[in-house]
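Along the sequence shown, residues are numbered consecutively beginning with 1.
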Amino acid sequence: MFYLVGLGLADVKDITVKGLEIVKAASRVYLEAYTSILTVGKDALEEFYGREVILADRETVEQLADELLSGAKESDVVLLVVGDPFGATTHTDLVLRARTAGIEVGVVHNASIMNAVGCCGLQLYNYGETVSIVFWTDTWRPESFYDKICSNTRRGMHTLCLLDIKMKEQTVENIIRQRNIFEPPRFMTTQQAAEQLIAIYKRRTGKADDGSDSSDEEHTAADSLPTDVTDTSLAVGVTRVGSNSQRIAVGTLQDLADTDLGEPLHSLVIVGHMHGIERGMLRQFAINEKDFDERTKHVKE
C-alpha cells in the first residue's frame with residue numbers, strides 16, 4: 001500500500017500514533033521536502049522513528065513518481081508530508097497515479113496551517129478563498145493574489161495568504177547550461193508579503209514611491225482595478241505555528257512590513273469583518289494596542 005502520512009506543523013512528535021505505527025512498519029519511507037518544512041530536519045526524524053528516511057525533492061515527487069511508487073503493491077511505502085497530505089495539489093496527483101496503477105492508498109491526516117491558523121482568533125468559517133503570494137522577480141510581478149484578497153474583503157471574509165517557499169531552485173543560466181547547481185532555500189516573510197501588497201496598492205492608486213513614472217494609459221488601467229487592500233488594512237502575521245516559538249502579530253499592513261517576525265515559516269492573514277470575540281482575541285497580539293483599539297472601535301462586543 002502507498003501511504004500519505006501527515007506530520008503536522010512543528011516537530012517530530014506531531015505525527016499521530018497511527019502514522020508512527022505505519023512509518024515503523026513500512027519498507028520505505030520518503031520525506032517530501034519542498035512544499036513545506038518542519039522545525040527539525042531529516043536526521044531528527046530518523047532518530048525518532050528509528051529508521052532511514054529518504055528525501056524526496058520536487059523532481060522525485062513530480063517527475064519520478066513511478067520510482068516513488070515502486071513496490072507499493074507488494075509492501076508498504078510511505079510519503080511523509082508536512083502539515084496535512086492534501087495541502088498541496090502534488091499529493092492529490094500522486095493518489096491518482098497510484099490508484100491508476102492499481103495500488104491501494106492510505107491517508108493519515110494531521111494539522112495544517114489551513115486549520116491551525118485559527119490560533120490567531122479569527123473564526124475559520126469566516127475565511128474566504130486562500131491565496132498564495134509568490135516572490136517577485138525583476139521581470140515577473142504578478143498581482144492576481146491581490147485581486148483575490150480584495151474579492152474576499154468586499155464580502156467581509158478573512159484571507160489566509162500562504163507565502164512562497166523556494167527549495168532547490170536553479171538560475172536560468174544553470175538550467176540552460178544543464179548544471180546541477182541549486183540556489184539556497186528561500187522562505188517569504190510576512191514583511192516581504194506585506195511590502196508586495198502595499199506596492200500593488202500604491203501602483204494602482206498612483207502613489208508608487210519607487211521613482212517610476214506611469215503613463216496616462218497605465219493610470220487609466222490601474223483605476224479600473226480593485227484597491228480594497230491598503231497599507232492601513234488590518235492584518236495578522238503568524239509564524240512557526242504549532243512550535244514553542246510560535247508568534248502572532250496584529251497591525252496594519254505597514255506595521256507588519258516594519259516588523260521582523262523571525263525564522264520561517266510565515267503566513268499572513270488579511271482581516272475582513274470581525275465580531276466581538278474575534279476582536280478580543282486579536283487585541284492580545286496587537287503591535288500597537290491604542291492604534292488597534294481606534295481602528296476596531298466600530299466592532300460590536
Side-chain angles (χ1 to χ4, degrees), residues 113-114 117 120 122 126-166 186-239 248-261 264-274 278-279 282 285-288 291-292 294-299:
I113 191 61
M114 300 290 285
V117 71
C120 75
L122 297 175
N126 288 336
Y127 280 78
E129 180 181 358
T130 299
V131 307
S132 295
I133 299 181
V134 297
F135 279 115
W136 279 347
T137 69
D138 292 338
T139 58
W140 187 62
R141 297 166 68 90
E143 300 184 357
S144 58
F145 52 82
Y146 181 93
D147 296 322
K148 291 178 180 179
I149 298 170
C150 289
S151 177
N152 286 340
T153 301
R154 289 178 177 181
R155 291 181 289 125
M157 311 299 285
H158 313 309
T159 305
L160 170 61
C161 304
L162 306 178
L163 308 188
D164 204 1
I165 294 174
K166 296 295 187 186
R186 289 192 296 150
F187 307 96
M188 181 178 284
T189 66
T190 50
Q191 283 182 290
Q192 292 168 313
E195 287 168 357
Q196 289 189 186
L197 291 173
I198 292 170
I200 294 171
Y201 165 69
K202 288 186 174 181
R203 187 193 68 78
R204 291 185 177 187
T205 56
K207 299 176 181 178
D209 51 11
D210 58 2
S212 61
D213 293 321
S214 299
S215 66
D216 292 339
E217 291 79 4
E218 288 175 327
H219 279 305
T220 301
D223 288 343
S224 65
L225 296 172
T227 55
D228 303 73
V229 178
T230 76
D231 52 349
T232 61
S233 293
L234 198 61
V236 186
V238 291
T239 66
I248 303 171
V250 176
T252 65
L253 268 181
Q254 189 60 61
D255 289 334
L256 290 176
D258 295 334
T259 303
D260 181 0
L261 295 183
L265 290 172
H266 292 200
S267 297
L268 180 69
V269 178
I270 307 302
V271 180
H273 175 74
M274 286 187 292
E278 289 179 308
R279 179 185 183 276
L282 286 189
F285 311 114
I287 295 171
N288 183 324
D291 184 67
F292 176 85
E294 179 63 27
R295 293 180 183 280
T296 61
K297 61 184 179 182
H298 64 282
V299 177

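Closest approach of His158 to His273, counting heavy atoms only: CE1-O, 3.3 Å. Shown here for Pro226 and Asp228, the closest heavy-atom pair between the two residues is CB-OD1, 3.6 Å. Contact detail for Tyr146 and Val229: the closest heavy-atom pair is OH-O, 2.6 Å. The shortest non-hydrogen separation linking Ile113 to Leu162 is CG2-CD2, 3.7 Å. The two residues Ala193 and Leu163 come nearest to each other via the heavy atoms CB-CD2, 3.7 Å. A pairwise comparison of heavy atoms in Ile149 and Thr159 identifies CG1-CG2, 3.8 Å as the closest pair.
Between the NZ atom in Lys148 and the CD atom in Glu143 there is a gap of 13.5 Å [rounded to 0.5 Å].
Of the listed residues (Leu122, Val238, Val117), just one forms a side-chain contact (heavy atoms from CB on, under 4.5 Å) with Leu160, and that residue is Val117.
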Yes or no on side chain to side chain donor-acceptor pair (under 3.5 Å) for Asp164 and Gln192, after CA distance, side-chain angles and deciding distance? CA-CA 10 Å; Asp164 204 1; Gln192 292 168 313; over 6 Å; no
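Within 6.0 Å of CE on Met114 lie no more than 12 heavy atoms contributed by other residues, nucleotides or ligands.
Contact annotation: the side chain of Val236 approaches that of Val271 to within less than 4.5 Å [non-hydrogen atoms, C-beta and beyond].
Between Arg204 and Asp147 there is a salt bridge, with a side-chain nitrogen of the basic residue lying less than 4.0 Å from a carboxylate oxygen of the acidic one.
Counting only distance, with no hydrogens or angles, the side chain of Gln196 and the backbone of Val134 share a donor-acceptor pair below 3.5 Å. Of the possible donor and acceptor atoms, none in the side chain of Asn152 sits under 3.5 Å from a partner among the backbone N and O of Met157.
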